[in-house]
Amino acid sequence: MEALSKHRTLLIGLAGLGATVAVTWLLLSRRKKKHVRKVGQISQLFLYPVKSCKGIPLQEAECREYGLKNGEFSDRHWLVVKEDKVHVTARQEPRMVLITLTCHKGHLTLSAPGMNKLDIPLKLPTRNSIFTCKVHGNEVSGRDCGDEASRWITDFLKSVQTYRLVQFEDKMKRRNPKKEYATYTENDQVAYPDLSPLLLLSEASLEDLNSKLENKVSIRNFRPNIVVSECKAFAEDSWNELQIGECVMLKQVMPCPRCILTTVDPDTGIINMKEPLETLRSYRLCDTKDKEVYKSSPLFGQFVRIQKKGMIKVGDPVYEISY
């Protein structure tokens, strides 16, 4: 009897195992197949250490959860603020785009036409004040870079009010763009970028725009982090999920609504307030149910979130992921 009972237990166990295998196979068979299609390749990379100042062209960068990093520089981790700690950009001070940033021996170096260079330590003294700043109405912290940096920026911009430079430190609480656009989630966190940690734009989209302009504009008018070549104009609008190279994974969040910052000449720091914005409005306004969200802001480029981190470089293939 005992042997028979053991035999029955074994049969029941095998039957249970078989059922588990069958269920697992059924679930796996129902999974959507992943399709990978090459849609372009990276032609340019840009990192902007100080928000609204000159970008740095790169050959490679570390793609982190909060944006690009190269050496000691992280994208948009420094910010110019007014006395009330509200952020200042080239929308208000177009000559900001002429400020060049370099990094050497543990210092951030500021240089601009007519100004002596200024070195600021990348690791600021803990005695420097931490301010609660505002970017697009939402609070985010920043450590003051000191009076010398304040005077340098104020003097270069010929401002009647005092400006200060602040630095975001990794331990500080990041800003949640969900408060600005509902397409973001509670998990989306940034320092000083407008919205997403990365902005992607194709060369073909710029070429299409320039074909409609009397005076051509540069990719630098639009301040992307990743520029993609070998694709059709506005192909990036339809890329929901992307893989770059071997491992980096990106997911589209929303198109980039454009403003008067695009009308600042990156070579002269002069703002014309019209082009290319007016031409973009003639054919790139939102015409879907989200029209009320974007209103009169034309859409050009795509904000993406980083799903999987890693290194990216110029020449890397860009793949669209679909299921």
Side-chain angles (χ1 to χ4, degrees), residues 42 44-81 85 87-90 93 95-131 133 135 140-159 162-174 190-193 197-198 220 223-226 248 266-267 269 306 309-315:
I42 295 180
Q44 298 179 76
L45 292 170
F46 293 96
L47 186 151
Y48 308 87
V50 181
K51 186 176 181 67
S52 267
C53 293
K54 189 174 291 188
I56 300 173
L58 302 172
Q59 285 300 304
E60 64 176 17
E62 181 184 354
C63 207
R64 302 200 307 168
E65 185 178 356
Y66 307 121
L68 296 186
K69 180 177 173 62
N70 181 271
E72 297 293 331
F73 276 157
S74 293
D75 190 66
R76 295 173 173 97
H77 270 48
W78 284 265
L79 180 74
V80 177
V81 296
K85 308 306 180 290
H87 79 299
V88 179
T89 72
E93 294 285 359
R95 278 165 49 84
M96 286 180 69
V97 302
L98 302 179
I99 298 175
T100 300
L101 297 313
T102 55
C103 180
H104 183 63
K105 294 184 178 180
H107 286 79
L108 168 72
T109 301
L110 307 181
S111 59
M115 300 289 291
N116 293 325
K117 292 183 178 182
L118 177 68
D119 291 332
I120 302 168
L122 291 169
K123 186 170 179 57
L124 294 169
T126 55
R127 65 177 178 273
N128 286 24
S129 300
I130 294 177
F131 300 141
C133 307
V135 175
V140 61
S141 297
R143 189 180 295 279
D144 183 39
C145 291
D147 292 339
E148 197 174 1
S150 174
R151 284 191 296 271
W152 192 97
I153 290 174
T154 303
D155 289 348
F156 174 66
L157 297 176
K158 297 178 171 58
S159 174
T162 301
Y163 290 146
R164 301 199 74 84
L165 182 68
V166 299
Q167 179 184 5
F168 186 89
E169 297 173 348
D170 285 343
K171 63 184 179 182
M172 292 175 175
K173 184 179 179 180
R174 296 180 185 268
V190 292
Y192 305 139
L198 290 178
R220 292 177 295 138
R223 305 178 68 81
N225 297 107
I226 298 175
V248 172
D267 293 317
I306 299 160
K309 300 176 287 186
M311 293 295 297
I312 59 176
K313 63 182 183 298
V314 170

Any Lys/Arg nitrogen of Asp147 or Arg164 sitting under 4.0 Å from an Asp/Glu carboxylate oxygen of the other?
-> yes
May I ask you to decide whether Lys105 forms a salt bridge with Asp119, counting only side-chain N to carboxylate O separations under 4.0 Å?
-> no
Quick one: [atom1] on [X] to [atom2] on [Y], what's the gap to the nearest 0.5 Å?
X      : Y      : atom1 : atom2 : result
Glu60  : Ile42  : CD    : CD1   : 11.0 Å
Phe46  : Leu68  : CZ    : CG    : 11.5 Å
Lys309 : Lys69  : NZ    : NZ    : 12.5 Å
Leu124 : Ser129 : CG    : OG    : 11.0 Å
Cys63  : Leu45  : SG    : CG    : 9.0 Å
Asn70  : Leu58  : CG    : CG    : 4.5 Å

Got a sec, which residues hit salt bridge (charged side-chain N to carboxylate O under 4.0 Å, His left out) with Arg174, two or more places apart in sequence or on another chain?
-> Asp170
In sequence, state the C-alpha distance, the side-chain angles, and the governing distance for Val190 and Tyr66, and then conclude on side-chain contact (heavy atoms from CB on, under 4.5 Å).
-> CA-CA 6 Å; Val190 292; Tyr66 307 121; over 6 Å; no
Please lay out, stage by stage, how Val135 and Leu79 fare under the test side-chain contact (heavy atoms from CB on, under 4.5 Å).
-> CA-CA 9 Å; Val135 175; Leu79 180 74; 3.8 Å; yes
Only residue of Val80, Val140, Val50, Asp75 satisfying side chain to side chain contact (heavy atoms under 4.5 Å, CB included) with Tyr192 is Val140
Taking the side chain as everything from C-beta on, heavy atoms only, tell me whether [X] gets closer than 4.5 Å to [Y].
X      : Y      : answer
Arg64  : Ile306 : no
Tyr163 : Leu157 : yes
Lys54  : Val97  : no
Pro113 : Arg95  : no

For the side chain of [X] and the backbone of [Y], is there at least one donor-acceptor N/O pair under 3.5 Å apart?
X      : Y      : answer
Arg143 : Asn128 : yes
Tyr48  : Pro224 : yes
Thr154 : Ser150 : yes
Gln167 : Leu122 : yes
Trp152 : Leu110 : no
Ser52  : Ala90  : yes
Lys51  : Cys53  : no

Glu169 atom CD, neighbour heavy-atom count above 12 within 6.0 Å = yes
Within a reach of under 6.0 Å around NZ of Lys85, are more than 12 heavy atoms found that belong to other residues, nucleotides or ligands?
-> yes
Apply the test side-chain contact (heavy atoms from CB on, under 4.5 Å) to residues Ile226 and Leu198: give CA-CA distance (whole Å), side-chain angles for both, the deciding distance (0.1 Å), then the verdict.
-> CA-CA 7 Å; Ile226 298 175; Leu198 290 178; 4.0 Å; yes
What heavy-atom pair brings [X] and [Y] nearest, and what distance separates the two atoms?
X      : Y      : value
Asp267 : Leu98  : O-CD2, 3.6 Å
Met311 : Val248 : O-CG2, 3.9 Å
Pro49  : Leu101 : CG-CB, 4.2 Å
Thr89  : Met96  : C-SD, 3.6 Å
Pro193 : Arg76  : CA-CD, 3.6 Å
Cys133 : Val81  : SG-CG1, 4.0 Å

Could you walk me through whether Ser74 and Phe168 pass the side-chain contact (heavy atoms from CB on, under 4.5 Å) check?
-> CA-CA 10 Å; Ser74 293; Phe168 186 89; over 6 Å; no
